[in-house]
Amino acid sequence: MDKKRRKFRFGIITFLFSIIATILSILFVIQILAMGILPLHLSVPLSLIAITICLIIFVIANFIKKRGIIHFFCGFLALVLCVVFAVGNNYIYRTNTMLESVTNLTNKMTNTVSIITMNGSGIENLSDLNGLTVSSAESMDKDATDRCISDLNSEGVSVNLVDYENYQAALAALYNNEVNAMVLNEAYRGLLHENEEFTGFGNITTIIHKTVYYTERENTIETSKDAVNVVSEPFTILISGNDSYGSLNETSRSDVNMLVTVNPSTHKILLTSIPRDYYLKMACSASSTDCPEGSYDKLTHSGLYGVDSTEKTIEEAFGIDINYYVRVNFSSLVNLVDALGGIDVEVEPGLEVDTFYANGTEGVHAGTNHLDGERALAFARERYAYADGDVQRNKNQQQVLMRMFEKIASPSMIVNFGNFVDALGGAFETNMSSEDMLSLIRYEFTFFPDWTFEQCSVEGYQDTMYSTVLGDYSSVTIGNMQSMDIAKQKIQAVINGESADSITTVVDENVYTPYLDDSVASDTPTYTEDPNQYYDVPVTEDYYDSSYDTQIDSYEDPYAGTYDTTNGNEDIYYDQSSEYQSW
């Protein structure tokens with residue numbers, strides 16, 4: 001009796017498992033077909049096989065006279081299929097949720113403005129601030145300042161606002177006890193930390209109030225101006241890396257600027273890195289507020305006005321079209337690398353780093369290094385440890401991206417898939433539609449292309465120039481015109497189905513970008529054999545000789561007058577439109 005009862009109970013369990021497995025298999029098929037994550041020639045056979053197996057088990061387990069071993073085998077197989085289809089359904093659901101989260105743009109960016117005071121000032125809340133003086137940089141950041149003061153007034157707090165020309169001056173006033181507090185747009189906090197005078201100012205100040213408001217973003221998926229068929233047409237993506245942790249909705253500087261040009265027909269991917277401090281003319285999106293349109297500044301500062309401004313600035317500077325953007329931040333990279341189980345990078349002899357300056361983590365040795373998320377981030381950010389600074393940092397960033405791509409395409413991804421999908425959900429935002437991303441996934445599963453990576457970095461030299469955003473002079477990277485033109489040619493070569501390496505022009509390090517008013521500069525840069533004649537300016541005669549040791553005392557620009565050049569044999573400085581500029 002007990003034996004029969006056990007068989008009966010086992011039969012009930014097997015019956016239930018077979019029913020559950022069949023239902024889960026049907027749900028799996030529905031999700032696969034509805035999501036379109038696999039090409040039809042794979043999804044249809046896979047669906048038929050899955051349902052057929054479940055039905056066979058169901059029939060054998062419940063309608064065919066069975067012996068003990070068959071009974072046990074069917075029950076065990078039904079249990080395994082329940083687990084497999086349950087996991088599969090969960091993965092598909094999480095993948096679909098991830099795609100929706102990274103493409104569901106709200107068209108809003110979060111802006112945070114703080115009231116900060118010096119530690120020990122005795123001002124601990126807004127009521128303590130009533131009637132006191134507060135510094136601001138209203139002239140350069142009026143919208144943020146006005147919103148903050150309006151917020152204070154709504155709380156019944158009235159302050160005496162003292163306007164300074166920039167945030168550095170406003171913070172200096174707080175340091176010198178000229179004011180009791182300061183209005184600070186948090187997007188500019190990183191800029192202040194760059195100033196040696198204020199390094200670590202966050203440790204000696206306290207935030208007593210925050211004003212949070214939202215601004216519109218221009219680009220959405222529906223209005224992406226240059227959308228293409230991503231499985232048949234070449235396209236370029238801007239990877240914009242914000243120098244912040246936490247939410248991607250926060251405005252911040254664009255610390256990483258990399259163009260990824262993909263040709264799905266030739267299976268070539270070109271990575272083009274642009275230094276964060278590249279000195280370019282700012283191009284603002286229509287939704288940007290207080291953006292200094294047309295002024296020259298570091299590329300990294302364009303991120304303060306949204307990824308749309310960064311994208312437009314690069315497009316106009318290089319004369320290229322960017323089809324999509326992907327926006328990430330520090331947290332994104334850390335979480336993604338950890339979800340992949342880390343990455344392996346190669347370090348050449350002479351490029352060892354004991355401790356990364358960026359975040360104080362363990363450095364790298366010559367050879368192969370396995371990096372977790374924090375060390376991968378530090379490796380991608382490090383520049384002070386290298387003699388060529390930004391150049392090596394760009395190479396490191398490209399290597400991190402390539403190693404991540406290789407890890408995603410490796411068999412180990414099966415084990416880490418769940419963690420990786422979860423990490424992706426909050427890791428980036430993009431204006432590429434979920435349909436386009438699914439098309440790329442289907443393309444990968446259909447052809448399993450052998451992608452070839454090519455690399456390019458634009459070059460320049462360090463100088464000190466006026467930063468409109470800072471309202472002060474700052475260290476910048478002056479762009480090499482020929483390097484920028486070569487980068488454009490390489491991108492076009494990949495788009496045309498050729499290799500970027502087919503562009504073999506050697507960069508002349510003396511061909512620098514001229515910073516001139518539009519009425520003076522011509523549309524097409526002129527490269528000359530004489531490395532000293534790299535100025536794109538209409539002149540009445542050659543104003544440098546080939547010896548590089550002498551120059552004439554003056555030259556006449558028919559558009560802007562005569563300039564004295566006797567103050568040096570290499571640089572010409574002049575004042576135009578009340579703004580310091582140089583070659």
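A quick note: this is a predicted structure, and the numbers were derived from the prediction, not measured.
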Got a sec, which residues hit side-chain contact (heavy atoms from CB on, under 4.5 Å) with [X], two or more places apart in sequence or on another chain?
X	result
A317	L280, M484
V400	L333, I343, F379, A380, M404
S467	D297, H301, V469, L470, S474
N176	A172, E178

CD1 on I314 to OH on Y278, rounded to 0.5 Å: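 Interatomic distance, Y278 OH to I314 CD1, rounded to 0.5 Å: 11.5 Å.
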
Distance (rounded to the nearest 0.5 Å) between T272 OG1 and L238 CG: 11.0 Å

Only distances under 3.5 Å count here; give the side-chain donor-acceptor pairs of residues 118-127 to other protein atoms, sequence neighbours excluded, each with its distance to 0.1 Å.
residue : atom : partner : partner atom : Å
N119    : OD1  : T206    : OG1          : 2.5
N119    : ND2  : N203    : O            : 3.0
S121    : OG   : M118    : O            : 3.0
S121    : OG   : I123    : N            : 3.3
N125    : OD1  : S127    : N            : 3.3
N125    : OD1  : S127    : OG           : 2.5
N125    : OD1  : D128    : N            : 3.2

Electrostatic pair D151-R147, nearest N-O below 4.0 angstrom: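 No.
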
Of all residues at least two apart in sequence or in a different chain, which pass the salt bridge (Lys or Arg N to Asp or Glu O under 4.0 Å) check with [X]?
X	value
E406	R403
R276	E194, D255
K210	none

side-chain hydrogen bond (donor to acceptor under 3.5 Å, both in side chains) between E362 and T355, intermediate numbers included: CA-CA 5 Å; E362 177 189 353; T355 303; over 6 Å; no

Set of ring pair (Phe, Tyr, Trp, His ring centres under 6.0 Å) partners for Y386, sequence neighbours left out: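 Scan of Y386 (ring pair (Phe, Tyr, Trp, His ring centres under 6.0 Å), adjacent residues dropped) gives none.
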
Ring pair (Phe, Tyr, Trp, His ring centres under 6.0 Å) partners for F318, two or more places apart: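 For F318, no residue satisfies ring pair (Phe, Tyr, Trp, His ring centres under 6.0 Å) once neighbours in sequence are set aside.
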
Atom of [X], atom of [Y] and distance for their closest heavy-atom approach:
X	Y	result
L192	L171	CD1-CD2, 4.0 Å
N369	R375	OD1-NH2, 4.3 Å
L259	I320	CD1-CD1, 3.4 Å
N323	N431	O-ND2, 4.3 Å

Residue pairs passing the ring-ring contact (aromatic ring centres under 6.0 Å, His included) test where at least one lies in residues 131-172, sequence neighbours excluded: Y167-Y188

S475 vs T464, side-chain hydrogen bond (donor to acceptor under 3.5 Å, both in side chains): CA-CA, chis, key distance, verdict: CA-CA 4 Å; S475 175; T464 300; 5.6 Å; no

Pairwise side-chain contact, E293 with M282, heavy-atom cut-off 4.5 Å (strictly under):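 No, their side chains stay 4.5 Å or more apart.
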
Student check: side-chain heavy atoms of K407 and D344 closer than 4.5 Å: no

Which residues share a side chain to side chain donor-acceptor pair (under 3.5 Å) with S135, sequence neighbours left out: none

Ring centre gap for F198 and Y175 strictly below 6.0 Å: yes

Ring centers of F405, F453 separated by less than 6.0 Å: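 Aromatic pair counts; centres sit under 6.0 Å.
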
Steps toward side-chain hydrogen bond (donor to acceptor under 3.5 Å, both in side chains) verdict (E374, T361): CA-CA 8 Å; E374 283 291 347; T361 59; over 6 Å; no

side-chain hydrogen bond (donor to acceptor under 3.5 Å, both in side chains) between Q398 and N394, worked out: CA-CA 6 Å; Q398 291 179 348; N394 289 341; over 6 Å; no

R327 and D308: CA distance, side-chain angles, deciding distance, salt bridge (charged side-chain N to carboxylate O under 4.0 Å, His left out) verdict: CA-CA 10 Å; R327 187 168 176 262; D308 309 317; over 6 Å; no

